[in-house]
J.: 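This is the structure, below, for whatever I ask next.
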Amino acid sequence: MSIDIGMSDDARKSSADALKTLLGETYALYVKTHGYHWNVTGPRFNALHTLFMTQYTELWQALDVIAERIRALGHFAPGSSGEMMETATIKPDNGVPDAETMLKNLAAGHEAVSRAAKYGIALAEKNADPVSVDLFTQRAQISEKTAWMLRASV
């Protein structure tokens, strides 16, 4: 069935591709955050364990919102970890870092998500896609606030 939401096929594909980039960064950060939740140690264990759980839960929910927007634009969302990670600049850790490094890595990860969201804002604005602009804006706002809070914890 054809899609008539006031955007050309090329514009919908462009917005969907930017959303796929955001999805990849968000997924990579989700995996990292969840791993840190499991493996954090030290005197701030309980506080960080809880903080990381709050963060990975929010990221998990964001994945669904992002993927559903890709589908609403008429494109398929990546369906495997490998496919999602193709566009991610956030890389997995080798080993388990200490708690301070975890905080720094997560702050940097949220900054990467914000950059992907801002890239998406520019494309979605060009594509006359205010729905995606709103999604990208929300993701940038959440990531920048979370990065600030993580930096303040170091």
J.: Going by an N to O cut-off under 4.0 Å, is there a salt bridge joining Lys20 and Glu25?
T.: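 No salt bridge links Lys20 with Glu25.
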
J.: When you measure from the side chain of Lys32 to the backbone of Lys91, do you find a donor-acceptor pair of N or O atoms at a distance under 3.5 Å?
T.: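 It does hold such a pair.
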
J.: Identify whether Val31 and Met102 are in the same connected component of the hydrophobic contact network (ILVMFWY, side-chain heavy atoms under 4.5 Å).
T.: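 They do share one cluster, since a chain of ILVMFWY contacts under 4.5 Å joins Val31 to Met102.
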
J.: Between Glu58 and Arg139, does any side-chain N to carboxylate O distance fall below 4.0 Å?
T.: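 Answer for the salt bridge query: yes.
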
J.: Which residue pairs satisfy the ring-ring contact (aromatic ring centres under 6.0 Å, His included) criterion with at least one member in residues 60-101, sequence neighbours excluded?
T.: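 For residues 60-101, and leaving out neighbouring residues, the ring-ring contact (aromatic ring centres under 6.0 Å, His included) pairs sorted by first residue read Tyr30-Trp60.
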
J.: What about Trp38 and Val40, same hydrophobic cluster or not, with Ile/Leu/Val/Met/Phe/Trp/Tyr joined at side-chain heavy-atom distances under 4.5 Å?
T.: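 Different clusters: Trp38 never reaches Val40 through Ile, Leu, Val, Met, Phe, Trp or Tyr contacts under 4.5 Å.
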
J.: I'd like to know if Asp98 pairs up with Lys104 as an ion pair, taking the criterion as any Lys NZ or Arg NE/NH1/NH2 lying under 4.0 Å from an Asp or Glu carboxylate oxygen.
T.: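 No.
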
J.: Does Arg151 pair with Glu111 as a salt bridge, N-O distance under 4.0 Å?
T.: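 Glu111 and Arg151: salt-bridged.
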
J.: Assess whether a salt bridge exists between Asp9 and Arg12, defined as any Lys/Arg side-chain N lying under 4.0 Å from an Asp/Glu carboxylate O.
T.: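 The answer is yes: the pair qualifies as a salt bridge.
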
J.: Please lay out, stage by stage, how Thr33 and Gln55 fare under the test side-chain hydrogen bond (donor to acceptor under 3.5 Å, both in side chains).
T.: CA-CA 7 Å; Thr33 306; Gln55 291 176 359; 5.0 Å; no

J.: Is it the case that the side chain of Glu83 and the backbone of Gly79 share a donor-acceptor pair, with hydrogens and angles ignored and the cut-off at 3.5 Å?
T.: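 Side chain of Glu83 to backbone of Gly79, a donor-acceptor pair under 3.5 Å: yes, one is there.
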
J.: So, the side chain of Thr101 versus the backbone of Pro97: is there a donor-acceptor pair under 3.5 Å, distance only?
T.: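 Not confirmed, Thr101 side chain does not pair with Pro97 backbone.
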
J.: Output the distance between atom NE2 (His37) and atom NE2 (His49), rounded to the nearest 0.5 Å.
T.: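 It is 3.5 Å, given to the nearest 0.5 Å.
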
J.: Judged by modelled atom types alone, do Thr21 and Tyr119 share a side-chain donor-acceptor pair under 3.5 Å?
T.: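 Thr21 vs Tyr119: no donor-acceptor pair found between side chains.
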
J.: Quick check: does any side chain N or O of Asn127 sit under 3.5 Å from a backbone N or O of Ala11, one acting as donor and the other as acceptor?
T.: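 The answer is yes, because a donor-acceptor pair under 3.5 Å joins these two groups.
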
